[in-house]
Amino acid sequence: ELGPDQREFAETIRKSANSLMTIINDILDFSKIEAGKLTLDIIDFDLRVTLEEVSELMALKAYEKKLEFATIVHHEVPSLLRGDPGRLRQVLINLVGNAIKFTDSGEVTLRAVLEGENTQRTIVRFSVSDTGIGVPEKGMDRLFKSFSQVDGSTSRSYGGTGLGLAISKQLVELMGGCIGFDSIEGRGSIFWFTVALEKQAEENEPLVLAEDIRKKRILIV
């Protein structure tokens, strides 16, 4: 068992190591993007499982700040898709992490809705809304630029490299989508992006599909 001082030192080491790993990973990804060497893995995956993994990881961070956190997946969004779940998870964690970091009270919500589809692929729109500090109008043009944050005080108060959103933008574009945001300073932001994902073969479809539960009376025990 660690004593109070030992635990504090160990926790400081852990947080510092995590921060360092984040910086190193961002710089490595940025270097790959600059060199044109970043590629995507196209594999079968379950979108709802990926979103649950993101939710489980980020819910603790929201809980530590006493924020409400919700993940909402529209029933029309298919589960079994083909793409790069690792890179999709990276973008989602970046956006949700930012939302939690810049929100001191209220809620953060991750949503996935169907943007469009054909017989071969699906376009999914993801959005992350928060009730945080928002983005001042004068800083909006710098958000997706490398090594850039809204202003110097943001870096001092919240930390970060200024690479997360730049990398997310590149990843989203590699996945055939686009990224953007809407924000009101002092009231919160909504960051959104779309990605094009292939559909899995029909024989892989699950036996039980998500159903539309609107206008139904439900008892949860």
Side-chain angles (χ1 to χ4, degrees), residues 15-42 47 50-51 53-55 57-58 61-62 83-103 108-112 115 123-197:
K15 289 180 179 178
S16 298
N18 286 339
S19 296
L20 183 59
M21 285 298 296
T22 299
I23 293 170
I24 291 171
N25 286 334
D26 281 350
I27 292 173
L28 288 173
D29 279 343
F30 184 71
S31 299
K32 288 180 183 178
I33 290 170
E34 289 285 279
K37 299 294 185 181
L38 188 67
T39 57
L40 299 177
D41 295 325
I42 306 300
L47 179 61
T50 298
L51 290 171
E53 292 171 349
V54 172
S55 298
L57 181 64
M58 304 311 295
K61 295 182 181 294
D84 192 327
R87 292 302 183 180
L88 177 60
R89 190 185 301 112
Q90 183 178 350
V91 176
L92 290 169
I93 288 174
N94 184 275
L95 295 184
V96 175
N98 278 351
I100 293 172
K101 181 165 66 172
F102 295 116
T103 302
V108 173
T109 304
L110 166 61
R111 289 182 175 85
E115 184 92 341
I123 299 176
V124 182
R125 180 185 177 97
F126 301 92
S127 64
V128 179
S129 59
D130 64 63
T131 55
I133 61 175
V135 181
E137 191 170 343
K138 64 179 181 180
M140 289 183 174
D141 60 337
R142 297 200 298 273
L143 263 187
F144 293 103
K145 294 182 179 178
S146 305
F147 300 105
S148 177
Q149 291 184 320
V150 171
D151 58 39
S153 62
T154 298
S155 180
R156 286 193 297 272
S157 300
Y158 297 96
T161 61
L163 282 174
L165 286 177
I167 292 171
S168 295
K169 182 175 186 293
Q170 296 283 349
L171 291 176
V172 167
E173 290 174 353
L174 271 176
M175 290 187 281
C178 58
I179 190 169
F181 72 98
D182 300 292
S183 184
I184 300 176
E185 186 175 4
R187 295 181 60 183
S189 306
I190 300 176
F191 280 79
W192 57 267
F193 68 97
T194 60
V195 293
L197 300 165

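Quantities reported herein were computed from a predicted structural model and do not represent experimental measurements. Sequence positions, counted from 1, serve as the residue numbers for this chain. Atoms considered below: every heavy atom in the structure, side chains included; atoms not considered: hydrogens, waters and symmetry mates.
- The CG atom of N25 sits 9.5 Å away from atom CG of L20, with the distance rounded to the nearest 0.5 Å.
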* Are C178 and W192 close enough, and set up right, to give a side-chain contact (heavy atoms from CB on, under 4.5 Å), and what steps lead you there? -> CA-CA 9 Å; C178 58; W192 57 267; 3.8 Å; yes

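- Between atom CE of residue M21 and atom CG of residue L28 there is a gap of 9.0 Å, rounded to the nearest 0.5 Å.
- Between the CD1 atom of I42 and the CG atom of L197 there is a distance of 8.5 Å, given to the nearest 0.5 Å.
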Would you mind writing out the side-chain donor-acceptor pairs for residues 84-96 within the sub-3.5 Å range, not counting sequence neighbours?
residue: D84; atom: OD1; partner: G86; partner atom: N; Å: 3.1
residue: D84; atom: OD1; partner: R87; partner atom: N; Å: 3.1
residue: D84; atom: OD2; partner: D41; partner atom: N; Å: 2.8
residue: R87; atom: NH1; partner: D29; partner atom: OD1; Å: 3.3
residue: R87; atom: NH1; partner: D29; partner atom: OD2; Å: 3.3
residue: R87; atom: NH1; partner: Q90; partner atom: OE1; Å: 2.6
residue: R89; atom: NE; partner: E53; partner atom: OE1; Å: 3.2
residue: R89; atom: NH2; partner: E53; partner atom: OE1; Å: 2.9
residue: Q90; atom: NE2; partner: D29; partner atom: OD2; Å: 2.8

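- In this structure, the side chains of L51 and F126 come closer than 4.5 Å at one or more pairs of heavy atoms.
- When all heavy atoms are compared, the tightest approach of G134 to S189 is CA-OG, 3.5 Å.
- Nearest approach of R111 to S129, heavy atoms of both residues: NH1-OG, 3.4 Å.
- Within a 6.0 Å radius of CG in L174, other residues, nucleotides and ligands contribute more than 12 heavy atoms.
- Shortest non-hydrogen contact noted between S168 and I179 is CB-CD1, 4.4 Å.
- Taken from CG in N98 to OG1 in T103, the straight-line distance is 10.0 Å, to the nearest 0.5 Å.
- The two atoms that bring S183 and G188 nearest to each other are OG-O, 3.2 Å, heavy atoms only.
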